[in-house]
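Notes for the one structure printed next.
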2 protein chains.
Amino acid sequence: MQASLEQYIRDRIGADDAQLGEVMSHFSPLKTRRNQLLVREGDICRYCYFVVKGCVQVFVYDRNGDESTRDIVVENNWVSELFSFGNQVSARENIRVVEPGQLMAIGYDSFQKMVQTVPPFEQIYRQIVEQSYVNSVFRLNTFVSMDALERMQWLSEYQPKLLARLSSRLVASYLGISPETYSRLKARL
Amino acid sequence: MQASLEQYIRDRIGADDAQLGEVMSHFSPLKTRRNQLLVREGDICRYCYFVVKGCVQVFVYDRNGDESTRDIVVENNWVSELFSFGNQVSARENIRVVEPGQLMAIGYDSFQKMVQTVPPFEQIYRQIVEQSYVNSVFRLNTFVSMDALERMQWLSEYQPKLLARLSSRLVASYLGISPETYSRLKARL
DNA sequence: TGAAAACCTTGACAATTGTCAATGGTCAGC
DNA sequence: GCTGACCATTGACAATTGTCAAGGTTTTCA
């Protein structure tokens, strides 16, 4: 259940059992339904989530009201609208469950307390942000320097597992193209 | 000269003069020439830079060998190839001076030492990464959800100063479009 | 200052991508 | 298991964006 979060933390910090217990006590398990909305644009994001099992989508709406997917998060990763969560202001993105599964949620106050009082947790937080940043830099470079077909190839080379488990519609949205274009490019590989 | 870096640090941490002096002693001023290459793809990025004056471009090459600009950094901001700098591995991006000016550079060893031994510096580093991440999230959302014209409008709304000081060619590269397309869209506003 | 290089714009055309519509298939939830 | 909603694909066409070429301008730097 929560074992994978414990393992995640253990893998990253010298495991002090007391501290680990203290940290874990601030997380609540959360079973997710398909399509469950975790964060809605305009609301304040009150939790940071660790994905134990399942898959989650971070997206915005374009001018036509269609979804554009900024990120997709799978097992053993963190997801939140970090700007909204960190400053407790309105979120500019939506977060929704793609595959039902299991999350561990930590609220804002608990999170701040852990960052400030448990140094290893602060380090983990820094690693999360670093990792997220590095990922988004890679992704940005695909957008500034590649066309749709090249982005598809990039995805199938570097994230083949992701590609295999998501619907075509969602992959298209992640690539920033229409489902029809995605379908046609796929036929052209 | 280095006053703006001192001010930057003072603004963000309770200023302890001894610590501030210690931190500042690890930075070297660097006068930059136009087009000077700070980091080349494949090299290891050995410094993190604070921009005192001037403007710097972070870019990759596309399949045609044309530059695609991932980021543009101006005064009072930090720039580095963070993945390369943090792990001392090959850089995947290039960094080049757009406008000549003044930088403050800190090397890898100094940086690590500061992060580990000067808690306020560690906090500043976290803020840098957080800020960079939030910026790249906004930018990613413009790519997944907007066409070229909408991205132009977004830029002129949220970064009008940047738009005013850069060449058209560079702005086009930052928007991920050709100079010709940029020129035409501009005429259509 | 003068020559060379780079830049900006525009035209003509090609390639890419989006939109709308129709079809058949698949899947979630009752 | 049924059923209605959603999904994937394809065609036809429109809109967007890229490429190549040319011209006039500005900028660089020796």
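On a predicted model such as this, the values are computed, not experimentally measured, just so you know. Chain identifiers are assigned alphabetically (A, B, ...) following the order of the sequence lines, protein sequences preceding nucleic acid strands; residue numbering begins at 1 within each chain.
- Distance A:L189 CG to D:dT9 P: 12 Å, rounded to the nearest Å.
- For A:Y125, the OH atom is densely surrounded, since the number of other residues' heavy atoms within 6.0 Å is greater than 12.
- Between A:R169 atom CZ and C:dC27 atom P the separation is 15 Å, expressed in whole Å.
- Heavy-atom contacts from other residues, nucleotides or ligands closer than 6.0 Å to CZ of A:R40 number 12 or fewer.
- Nearest to the side-chain atoms of A:R34 among the listed nucleotides C:dA28, C:dC8, D:dT19 stands C:dA28.
- Between B:I177 and A:T181, the residue whose closest nucleotide on DNA chain D is further toward the 5' end is A:T181.
- We find that OH of B:Y182 is positioned 13 Å from C1' of C:dC7, with the value rounded to whole Å.
- Cation-pi geometry between A:R10 and A:Y8 is not satisfied (NZ or CZ under 6.0 Å from the ring centre, within 45° of the ring normal).
- In this structure, the nucleotide among C:dT10, D:dT19, C:dC8 sitting nearest to the side chain of B:S168 is C:dC8.
- Rounded to an integer number of Å, the gap from B:F143 CZ to D:dT17 P is 12 Å.
- Considering A:R139, A:R151, A:Q57 in turn, A:R139 is the only one that fulfils the side-chain contact (heavy atoms from CB on, under 4.5 Å) rule with A:Y174.
- Rounding to whole angstrom units, CG of residue A:L175 and P of D:dA8 are separated by 13 Å.
- For the pair A:R33 CZ and C:dA28 P, the interatomic distance rounds to 16 Å; values are reported in whole Å.
- Of the side-chain N and O atoms in A:K186, one or more sit less than 4.0 angstrom from OP1 or OP2 of D:dT9.
- Checking C:dT19, C:dT9, D:dA8 against every side-chain atom of A:S167, the shortest atom distance belongs to D:dA8.
- B:D66 comes within 4.0 angstrom of nothing in the nucleic acid, heavy atoms only.
- Separating the CG atom of B:N35 from the P atom of C:dA6 is a distance of 10 Å, rounded to the nearest angstrom.
- For a distance-only test at 3.5 Å, the side chain of A:E180 qualifies as a donor-acceptor partner of the base of C:dC20.
- The closest donor-acceptor contact from the side chain of B:S110 to the backbone of B:G107 lies at 3.5 Å or more, if one exists at all.
- Which of C:dC7, D:dG18, D:dT10 sits closest to the side chain of B:R184 comes down to D:dG18.
- Among the protein residues, A:N64 comes within range of the sugar-phosphate backbone only, with heavy atoms under 4.0 Å from sugar or phosphate atoms but none that close to a base.
- Protein atom CG of A:L185 is 9 Å distant from nucleotide atom C1' of C:dT16, rounded to whole Å.
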